[in-house]
Amino acid sequence: MPPRLILRGITLLDLHPEIAESSTPTPRQLLLKLLGSGTDEELDAASAVRACALFGISANNTRVALARLQSAGLIEAVGRGAYRLGTDGRALAGEVRAWRSAEQSLRSWDGGWVAVLTGAQGRSDRKELRARERALAMLGMRQLDEGLYVRPDNFADGVPFVRERLIGLGLEPQVPVFLATHLDATREEHARQLWDAQQLEQAYESGQRLMDESLQRLRKLPLDQAALEAYYLGDQMLRQLVFDPLLPSPLVKVALRQTFRDVMRHYDEAGHQVWRDFLASAG
């Protein structure tokens with residue numbers, strides 16, 4: 001059974017404030033995101049202080065965050081006053097960047113459902129319940145009957161892949177995850193209506209429009225303003241990606257989602273370049 005992706009008290013939700021339901025990043029979130037933006041990315045202490053100051057975070061709080069991240073093994077020193085992600089941090093950053101290849105993990109849908117049965121699990125432990133609900137949401141599971149969650153079985157690696165991802169994201173390992181087929185007609189119809197396809201498709205189109213408009217602005221804005229806009233809009237779009245149920249046709253227009261993700265890849269790269277330029281401008 002795979003281990004949960006919880007490393008010394010830090011989860012992949014800590015890497016992005018929008019996923020963690022926070023509008024302003026903590027120094028830990030911001031530093032991990034900057035260091036996780038590319039392969040072998042490095043950040044010196046002065047740049048870390050400058051980046052955090054853009055969000056109103058003090059130099060002292062930034063240095064404390066660096067020390068704590070290093071102590072936790074999330075980052076490591078690579079010279080005097082310079083840092084990069086440690087082994088644990090690279091694993092978490094890889095989880096966040098997985099959205100880039102998500103489409104390649106899908107296959108055509110044959111009508112089966114991945115099902116999760118949570119009825120035997122308690123609800124009194126709020127932390128455990130929150131982790132369970134967040135894991136189910138991040139895999140696009142919806143409740144069909146009391147304690148029974150489903151999603152289309154359209155991941156290329158099927159139920160084992162979904163089970164591993166759910167446990168990695170916080171679902172209790174003892175929870176049954178299985179394939180369900182031949183639902184009765186009423187449940188089949190209900191299952192197909194659990195997701196608001198129109199809302200999803202509108203979100204793909206509006207997200208694409210927001211990023212296209214922002215890309216035009218980023219070229220004209222002062223670097224500090226461009227960095228802030230790229231950060232906040234990028235995280236808003238990332239939240240949409242992370243919680244996207246990755247539905248198959250005919251439940252949703254797949255081409256709209258694919259176009260949205262293509263634009264997000266371009267926006268993500270542009271945002272990283274803005275931040276590199278911003279940090280380099282201090283010299």
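Note: hydrogens, waters and symmetry copies are ignored here, and every other heavy atom, side chains too, is used. Since the model is a prediction, treat every value here as computed from it, not as a measurement.
- Donor-acceptor pairing under 3.5 Å is lacking for the side chains of Asp262 and Thr259.
- We find that Arg265 and Asp268 are not joined by a salt bridge, their nearest charged nitrogen and carboxylate oxygen being 4.0 Å or further apart.
- Put simply, the side chain of Phe178 does not reach to within 4.5 Å of the side chain of Val116, judged on heavy atoms.
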Val242 vs Trp99, test: side chain to side chain contact (heavy atoms under 4.5 Å, CB included). Steps then yes/no.
CA-CA 7 Å; Val242 167; Trp99 65 265; 5.8 Å; no
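- Annotation for Pro250 and Arg192: closest pair CG-NH1, 4.3 Å, computed over non-hydrogen atoms.
- For Arg187, the CZ atom counts as loosely surrounded, since its 6.0 Å shell holds 12 or fewer non-hydrogen atoms of other residues, nucleotides or ligands.
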Arg107 and Asp157: salt bridge (Lys or Arg N to Asp or Glu O under 4.0 Å), yes or no, with the steps?
CA-CA 9 Å; Arg107 61 170 173 79; Asp157 294 329; over 6 Å; no
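- Between atom CZ of residue Arg217 and atom NZ of residue Lys220 there is a gap of 9.5 Å, rounded to the nearest 0.5 Å.
- Residues Arg261 and Ala102 approach most closely at NH1-CB, 3.6 Å, considering heavy atoms.
- Applying the ring pair (Phe, Tyr, Trp, His ring centres under 6.0 Å) test to pairs two or more places apart or on separate chains, none has a residue in residues 69-98.
- The shortest distance between side-chain heavy atoms of Asp224 and Leu228 does not fall below 4.5 Å.
- Considering every non-hydrogen atom in both Tyr267 and Ser214, the closest pair reads OH-OG, 2.8 Å.
- Taking the six-membered ring for Trp and thresholds of 30 and 60 degrees, Tyr232 and Phe55 have ring planes more than 60 degrees apart, a perpendicular arrangement.
- Under the 4.0 Å criterion applied to side-chain N and carboxylate O atoms, Glu41 and Arg84 are not assigned as salt-bridge partners.
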Verdict with supporting geometry, Leu183 and Trp113, side chain to side chain contact (heavy atoms under 4.5 Å, CB included):
CA-CA 9 Å; Leu183 299 179; Trp113 301 91; 3.6 Å; yes
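- Within the 4.5 Å cutoff, the side chain of Leu66 has no heavy atoms near those of the Gln70 side chain.
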What's the verdict on side chain to side chain contact (heavy atoms under 4.5 Å, CB included) for Gln273 and Arg276, showing C-alpha distance, side-chain angles and the deciding distance?
CA-CA 5 Å; Gln273 187 58 55; Arg276 283 190 287 268; 3.3 Å; yes
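- Applying the side-chain contact (heavy atoms from CB on, under 4.5 Å) rule to Ala270 yields the partners Leu215; only residues at least two apart in sequence or on another chain are considered.
- Under the 4.5 Å side-chain criterion, counting only non-hydrogen atoms from C-beta, Val263 is in contact with Asp212.
- Looking only at side-chain heavy atoms (C-beta outward), Gln258 and Val254 come within less than 4.5 Å of each other.
- Residue pairs meeting the side-chain hydrogen bond (donor to acceptor under 3.5 Å, both in side chains) criterion with at least one partner in residues 58-69, sequence neighbours excluded, are Ser58-Asn61.
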Stepwise side chain to side chain contact (heavy atoms under 4.5 Å, CB included) test for Phe155 and Leu139:
CA-CA 11 Å; Phe155 283 106; Leu139 263 292; 4.1 Å; yes
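- The nearest pair of heavy atoms linking Arg28 to Leu69 is CG-CD2, 3.5 Å.
- Side-chain contact check for Pro245 versus Leu200: some heavy-atom pair is nearer than 4.5 Å.
- For Gly158 against Asp153, the heavy-atom pair with the smallest separation is CA-OD1, 3.6 Å.
- Between Arg257 and Glu201, none of the side-chain N atoms (NZ, or NE/NH1/NH2) sits under 4.0 Å from a carboxylate O, so this pair counts as no salt bridge.
- Expressed to the nearest 0.5 Å, how far CD of Glu269 lies from CE of Met264 amounts to 10.5 Å.
- Using a 4.5 Å heavy-atom threshold, the side chains of Asp244 and Tyr204 count as touching.
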